[in-house]
Amino acid sequence: MSHLTDLPTWVAIPVCILLLLGSTITLIGSIGLIRLKTFYGRLHAPTLGASAGTVLICTASMITFAVLQNRWILHEVLIIVFVILTTPVTLMLLGQSALYRDRIEGKNDVPRKAAGEQPDTTGMDI
Amino acid sequence: MNELFIIWSILASQILLGLAMGCALFRMVRGPRAQDRILGLDALYIIAMLLLLTFGIRTANSIYFEAALIIAILGFVSSIAFAKFLMRGEVIE
Amino acid sequence: MRYWFPYPLLSLALLMLWLLINQSLSPGQVVLGSVLGVVLAWIMVNLQPDKTRLKNYGVIAVLAGHVAADIVRSNIAVMSAILRAGKRPINSGFVTIDISLRDENALAVLACILTATPGTAWLEFDRQTGVLMIHVLDLENGAAWSELVRNRYEAPLKEIFE
């Protein structure tokens with residue numbers, strides 16, 4: 001752990017805060033995976049880790065490497081961009097396929113094919 | 001003092017991420033339907049990627065970054081393939 | 001010009017990505033990245049995506065700011081909803097919204113915005129009737145949600161893409 005001693009205090013503290021905050025938010029998101037009762041509820045949980053968790057931890061990593069190597073390191077921007085662009089696509093497709101399967105099985109807590117009516121909030125599913 | 005502080009907080013965040021992986025794994029093993037399992041897998045690989053980033057900070061080695069980038073790209077492809085399979089394929093649960 | 005550079009923005013983005021991966025600004029990498037960007041843009045022509053012209057760059061900046069603020073706010077909201085979930089059941093449900101956006105790329109951006117914001121997830125869009133169905137985690141009333149989506153996201157996207 002020799003290199004971490006090179007880190008001045010004014011860098012170490014924000015890095016620690018970002019890391020702890022990011023991992024806590026990710027943990028809360030995963031707890032949501034267990035706690036929420038329906039599939040459509042659980043669909044929201046991984047977004048926490050994917051948006052806030054990734055941004056915070058990547059920022060911490062960016063700051064550390066930039067200070068240690070004394071130049072701008074912008075690698076982690078790539079991870080942020082990839083994850084933020086791709087997670088919605090995955091979740092959207094998963095939601096659609098779950099909807100499709102539930103409809104085929106004739107579950108009645110899932111709305112039918114929408115036909116242009118007024119906003120319908122009767123489909124409360126918990 | 002300073003050094004101890006940052007090492008402990010990296011360790012703490014690794015433990016938190018490990019717990020988060022456990023939760024995602026629980027959903028993946030337990031999940032009543034196939035889509036729950038895929039959701040668990042999706043969360044699992046994102047958390048694994050974050051864990052690799054914290055290892056990278058700990059060892060100041062940028063090889064962890066490359067691994068994280070590859071996980072971020074390939075995990076997406078696999079989740080998409082699974083989700084498409086649920087719509088078209090014959091799923092045995 | 002248009003023939004040689006069918007998608008200038010895409011080529012530029014690929015060049016940026018190449019330079020970021022290699023972490024260098026040396027002339028060799030810039031040349032290699034530019035060649036890759038142009039060649040991959042030609043390959044993109046074969047995929048025949050819908051051509052759209054971006055208008056109104058000011059609105060793009062405002063929309064990006066709104067989205068960032070909403071992501072932060074809804075992160076906090078979803079976290080508190082998950083932590084409270086043991087005590088009282090979460091009132092979640094489906095909301096259907098009529099939207100008049102038809103441009104493919106604008107719909108894709110709207111879908112990404114809605115799903116990247118924790119708390120709302122895009123489920124289905126009916127192209128014939130223009131009815132969008134989303135799932136909302138912490139639902140107070142459906143009408144307010146559909147107003148929010150229509151005013152906050154759909155209207156600026158319409159200005160940008162149509």
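Just so we're on the same page: letters track the sequence lines, and every chain starts at 1.
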>> Apply side-chain contact (heavy atoms from CB on, under 4.5 Å) to residues S61(A) and F65(B) and explain how you reach the verdict.
In response: CA-CA 9 Å; S61(A) 162; F65(B) 161 77; over 6 Å; no
> For E76(A), is it the side chain, the backbone, both or neither that has a heavy atom under 4.5 Å from a heavy atom of chain B?
Replying inline: both
> When only pairs under 4.5 Å are counted, which of S97(A), A45(A), P46(A) shares the most heavy-atom pairs with chain B?
Replying inline: S97(A)
> Is chain A contacted by the side chain of I73(B), its backbone, both, or neither, given a heavy-atom distance below 4.5 Å?
Replying inline: side chain
>> Would you compute the distance between atom CG of L19(A) and atom CD1 of I57(B) and round it to the nearest 0.5 angstrom?
In response: 4.5 Å
> Taking D42(B), I71(B), T54(B) one by one, which has the highest count of heavy-atom pairs under 4.5 Å against chain A?
Replying inline: D42(B)
>> Only pairs of heavy atoms separated by less than 4.5 Å count here; which of A83(B), A43(B), A60(B) has the most with chain A?
In response: A60(B)
> Could you state the interatomic distance from CG (L93(A)) to CD1 (I80(B)), rounded to the nearest 0.5 Å?
Replying inline: 4.5 Å
>> Measuring from atom CG of L53(B) to atom OG1 of T54(A), what distance do you get when rounded to the nearest 0.5 angstrom?
In response: 8.5 Å
> Where do L43(A) and Q35(B) land on the side-chain contact (heavy atoms from CB on, under 4.5 Å) test, with the steps shown first?
Replying inline: CA-CA 10 Å; L43(A) 200 57; Q35(B) 54 262 36; over 6 Å; no
> With a 4.5 Å heavy-atom cut-off, do T64(A) and I6(B) have their side chains touching?
Replying inline: no
>> Are more than 12 heavy atoms, taken from residues, nucleotides or ligands other than F76(B), located less than 6.0 Å from that residue's CZ atom?
In response: yes
> Tell me, side chain or backbone of L50(B) under 4.5 Å from chain A's heavy atoms, or both, or neither?
Replying inline: both
> By a 4.5 Å heavy-atom criterion (distance strictly below it), what part of D36(B) contacts chain A: side chain, backbone, both, or neither?
Replying inline: both
> Is the shortest heavy-atom distance from the side chain of L86(B) to the side chain of Y100(A) under 4.5 Å?
Replying inline: no
>> Can you confirm whether F26(B) sits close enough to L33(A) that some side-chain heavy atom of one is under 4.5 Å from a side-chain heavy atom of the other?
In response: no
> OG/S9(B) to CG/L18(A) distance, rounded to the nearest 0.5 angstrom?
Replying inline: 10.5 Å
> About how many Å separate CG of L19(B) and OG1 of T26(A), when rounded to the nearest 0.5 Å?
Replying inline: 12.0 Å
>> What part of L94(A) gets within 4.5 angstrom of chain B, counting heavy atoms only: side chain, backbone, both, or neither?
In response: both
> Can you tell me how far CG of L36(A) sits from CZ of R27(B), rounded to the nearest 0.5 angstrom?
Replying inline: 9.0 Å
>> Name the residue from I47(B), L16(B), L17(B) that meets the side-chain contact (heavy atoms from CB on, under 4.5 Å) definition with L27(A).
In response: L16(B)
>> Is L21(A) in contact with chain B via its backbone, its side chain, both, or neither, using a 4.5 Å heavy-atom distance?
In response: neither
> Checking T47(A) against chain B: side chain, backbone, both or neither under 4.5 Å from a heavy atom?
Replying inline: neither
